[in-house]
Amino acid sequence: MAAKTYYITTAISYPNGAPHIGHAYEVVAADAIARFKRIDGYDVFFMTGTDEHGLKVQQTARKNGVSPKEFVDGLAPQFEAMGERLNCSFDRFIRTTDPDHLPSTHELWKRMQDSGDIYLSKYEGWYSVRDEAYFDEGELTLQPDGSRLAPTGAPVEWVAEESYFFRLSAYQDRLLAHYAEHPEFIGPDTRRNEVVSFVRRGLQDLSISRTTFDWGLPVPGDPKHVMYVWVDALNNYVTGCGFPDEHSPKWRYWPADVHIIGKDIVRFHTIYWPAFLMSAGLPLPKRVYGHGFLFNRGEKMSKSVGNVIDPFALTDTYGVDPLRYFFMREVPFGQDGNYSHEAIVNRINADLANDLGNLAQRSLSMIGKHCAAAVPEPGAFSEADRAMLDQAEALPEKVRGAMEDFALHQALAEIWAVVGEANRYFASQEPWALRKSDPARMATVLYVTAEVLRIVGILVQPFIPDSASKLLDLLAVSPDQRRIAAIGEDGRLAPGAALPAPQPVFPRFIEPEAS
Ligand code: ME8
């Protein structure tokens with residue numbers, strides 16, 4: 001039987017500046033989910049990319065004195081390189097300037113037109129270039145100088161021009177019915193409640209084309225209009241599945257299982273996107289999850305404040321896995337969180353170096369020295385041994401449950417609870433004291449500890465892939481035995497199997513000498 005598919009995406013980022021820590025956070029979270037699903041037996045397709053059209057990019061390109069295409073060609077590779085540096089396992093990096101995106105988006109437009117949902121009129125209203133979004137007068141705040149600001153704090157400008165409209169107002173009831181029938185569609189719950197009450201207040205038709213600039217996809221049959229960048233951007237998710245070729249091998253991935261996006265763009269993904277898809281007669285994504293924002297010591301990162309953090313510099317300082325671990329463990333996924341040097345160093349040293357690193361180092365070096373560098377032969381298990389193994393073997397269900405809710409921090413907390421238990425087990429069994437008094441019992445304790453490390457090693461792969469792989473190498477776990485299905489009695493370490501020389505996997509972070 002073919003494996004069940006799992007399609008996960010991030011948002012696609014605006015390449016109007018270098019990638020920042022928020023972009024890094026999102027792609028790492030999505031990668032952890034993608035990797036988890038892979039080791040849980042799914043046929044996964046994971047896509048991320050860049051959202052390259054629109055006025056914002058055009059204006060920034062102009063300020064830099066280059067054409068929009070030259071500008072995005074310079075920046076998009078930085079986003080891709082950031083994902084690679086963070087060891088994110090995306091299957092495609094899509095750019096909305098990729099050649100397959102135009103026919104796909106034209107087809108979406110035509111289907112919406114065939115459904116009678118697109119009409120030509122005139123748009124008059126406010127637009128925020130920074131948000132690439134329209135706002136009603138009532139949503140804006142008037143400034144002392146007479147200018148207006150969007151709820152995001154971005155300036156708005158008055159737009160009056162011919163525009164194609166999408167009949168969003170006609171979708172209010174269908175959207176509300178969808179939210180009611182599929183409570184899991186929008187997560188977390190706070191985001192869902194916000195969207196539901198917003199839609200209940202009524203929806204206005206949406207302006208979906210512009211005529212006063214040209215950096216966008218042309219409207220089919222009326223190329224003096226370019227499509228509103230959000231129509232173009234959202235459609236990337238089906239382009240990646242081969243749309244409109246429903247015979248493409250990729251089409252099996254649609255509808256997406258989840259779009260992992262930030263909380264600021266939940267409305268676009270849970271109102272516009274499902275309405276476009278309903279209009280085009282396409283199935284809707286199963287879930288949309290809006291994660292929180294990452295701040296630098298409580299402050300929003302901005303170029304003008306000068307506190308934008310370069311993710312490449314962070315990986316240089318802390319290493320890829322420690323940074324990934326910090327992102328996923330420190331902040332409850334779905335909530336806002338803070339980055340600080342102290343917080344990350346604390347996570348590296350406490351959780352990785354002390355809890356997991358020391359346990360691995362101490363047990364594996366004892367095995368190396370006292371068990372002929374091979375998996376020890378266990379005797380009969382004591383109650384404490386069985387309790388330890390039971391706890392570790394109960395992890396897959398717990399971790400799976402947490403991952404199903406996108407509670408990445410919870411998944412890690414469950415794993416580290418077992419690591420903590422294993423440390424207590426190891427300390428209370430005192431295998432170093434058993435070496436002389438009862439070597440057979442020492443072998444059993446070391447076997448149980450190694451087996452717990454195997455289970456932990458398998459389950460931390462989605463979060464800290466390189467370190468997990470090193471740990472599993474030290475336990476001589478073959479690559480095909482690194483799936484969740486290998487956890488349990490049948491997959492346990494084979495006594496007698498040769499082990500490589502132990503090496504430290506989780507170095508401590510040592511503050512560079514103050515010069
Ligand atoms: O919104 N912390 O692009 P974008 C966490 N092109 N996440 C953050 C963040 C922060 N400080 N700042 C931004 C766009 N993000 C559109 C998306 S999708 C069809 C089009 C998240 O470059 C943000 O919420 O402004 C979004 O999910 C992603 O980074 C890209 O943001």
Side-chain angles (χ1 to χ4, degrees), residues 349-396 398 414-461 464 467-508:
N349 289 345
D351 297 10
L352 295 179
N354 285 357
D355 290 355
L356 184 52
N358 278 349
L359 180 70
Q361 183 66 15
R362 289 172 74 196
S363 54
L364 292 175
S365 57
M366 278 193 78
I367 292 174
K369 271 192 222 133
H370 309 305
C371 305
V375 175
E377 181 77 50
F381 290 136
S382 69
E383 210 165 293
D385 302 338
R386 272 197 302 271
M388 185 67 253
L389 289 170
D390 284 351
Q391 269 206 38
E393 286 173 358
L395 266 182
K398 290 184 179 165
E414 298 285 2
I415 299 170
W416 256 259
V418 168
V419 172
E421 197 49 44
N423 272 304
R424 282 187 288 279
Y425 167 85
F426 194 77
S428 69
Q429 297 296 322
E430 302 184 326
W432 55 91
L434 295 168
R435 188 163 74 86
K436 290 229 167 74
S437 62
D438 190 350
R441 178 68 200 143
M442 173 196 73
T444 309
V445 171
L446 291 175
Y447 179 86
V448 170
T449 309
E451 175 57 17
V452 173
L453 286 172
R454 181 184 76 91
I455 294 170
V456 167
I458 291 175
L459 289 171
V460 296
Q461 293 177 97
I464 45 173
S467 315
S469 154
K470 279 186 200 147
L471 180 59
L472 293 170
D473 286 348
L474 293 178
L475 292 160
V477 177
S478 66
D480 60 328
Q481 287 299 306
R482 296 181 180 195
R483 293 187 155 214
I484 293 177
I487 296 175
E489 215 170 318
D490 294 345
R492 284 185 188 162
L493 288 167
L499 297 178
Q503 283 162 14
V505 178
F506 300 100
R508 287 185 72 76

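Since we're looking at a predicted model, the values are computed, not measured.
- Side-chain contact between Ile464 and Leu352: present, with at least one pair of heavy atoms (C-beta onward) separated by less than 4.5 Å.
- Within the 4.5 Å cutoff, the side chain of Leu356 has heavy atoms near those of the Trp416 side chain.
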Using the side-chain contact (heavy atoms from CB on, under 4.5 Å) rule, take Leu395 and Ile487 through it: C-alpha gap first, then chi angles, then the decisive distance, then the call. CA-CA 9 Å; Leu395 266 182; Ile487 296 175; over 6 Å; no
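- The structure places CG of Asn354 at 6.5 Å from CG of Asn349, a figure rounded to the nearest 0.5 Å.
- A 4.5 Å side-chain heavy-atom check between Arg482 and Ser469 finds at least one atom pair inside the cut-off.
- Phe426 approaches Ser363 most closely through the heavy-atom pair CE1-CB, 3.8 Å.
- Minimum heavy-atom separation, Ala374 to Ile367: O-CG2, 3.3 Å.
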Side-chain donor-acceptor distances from residues 489-496 under 3.5 Å, at least two apart:
from: Arg492; atom 1: NE; to: Glu393; atom 2: OE2; distance (Å): 2.9
from: Arg492; atom 1: NH2; to: Glu393; atom 2: OE1; distance (Å): 3.2
from: Arg492; atom 1: NH2; to: Glu393; atom 2: OE2; distance (Å): 3.0

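- Atoms CG and CG, from Asn423 and Leu359 in turn, are 4.5 Å apart once rounded to the nearest 0.5 Å.
- The side-chain heavy atoms of Tyr425 and Val452, taken from C-beta on, include no pair separated by under 4.5 Å.
- Not counting sequence neighbours, Asp355 has no partner by the salt bridge (Lys or Arg N to Asp or Glu O under 4.0 Å) test.
- Nearest approach of Pro500 to Asp473, heavy atoms of both residues: CG-O, 3.4 Å.
- For the atom pair CD (Glu430) and CG (Asp438), the distance works out to 13.0 Å, reported to the nearest 0.5 Å.
- For the atom pair CH2 (Trp432) and CG (Leu434), the distance works out to 9.0 Å, reported to the nearest 0.5 Å.
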Using salt bridge (charged side-chain N to carboxylate O under 4.0 Å, His left out), reason through Arg386 and Glu383 one step at a time and then give a plain yes or no. CA-CA 5 Å; Arg386 272 197 302 271; Glu383 210 165 293; 5.3 Å; no
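- By the 4.5 Å heavy-atom criterion applied to side chains, Leu364 and Leu475 are counted as neighbours.
- The shortest heavy-atom contact between Ala353 and Arg508 is CB-CG, 3.7 Å.
- Although no hydrogens or angles enter the test, the distance criterion places a donor-acceptor pair under 3.5 Å between the side chain of Asp385 and the main chain of Ser382.
- Rounded to the nearest 0.5 Å, atoms CD1 (Ile458) and CG (Leu453) are 11.5 Å apart.
- Listed for the Arg435 side chain is no donor-acceptor partner under 3.5 Å among the backbone atoms of Met442.
- Between the NE2 atom of His370 and the OG atom of Ser365 there is a distance of 8.0 Å, given to the nearest 0.5 Å.
- Minimum interatomic distance between Leu471 and Gly457 (heavy atoms only, all atoms of both residues): CD2-CA, 4.0 Å.
- Across all their heavy atoms, Leu459 and Pro396 have their closest contact at CD1-N, 4.3 Å.
- Side-chain contact check for Arg441 and Gln429: at least one donor-acceptor pair (N or O, by modelled atom type) lies under 3.5 Å.
- Looking at Gln391, its side chain never comes within 3.5 Å of a backbone N or O of Met388 through a donor-acceptor pair.
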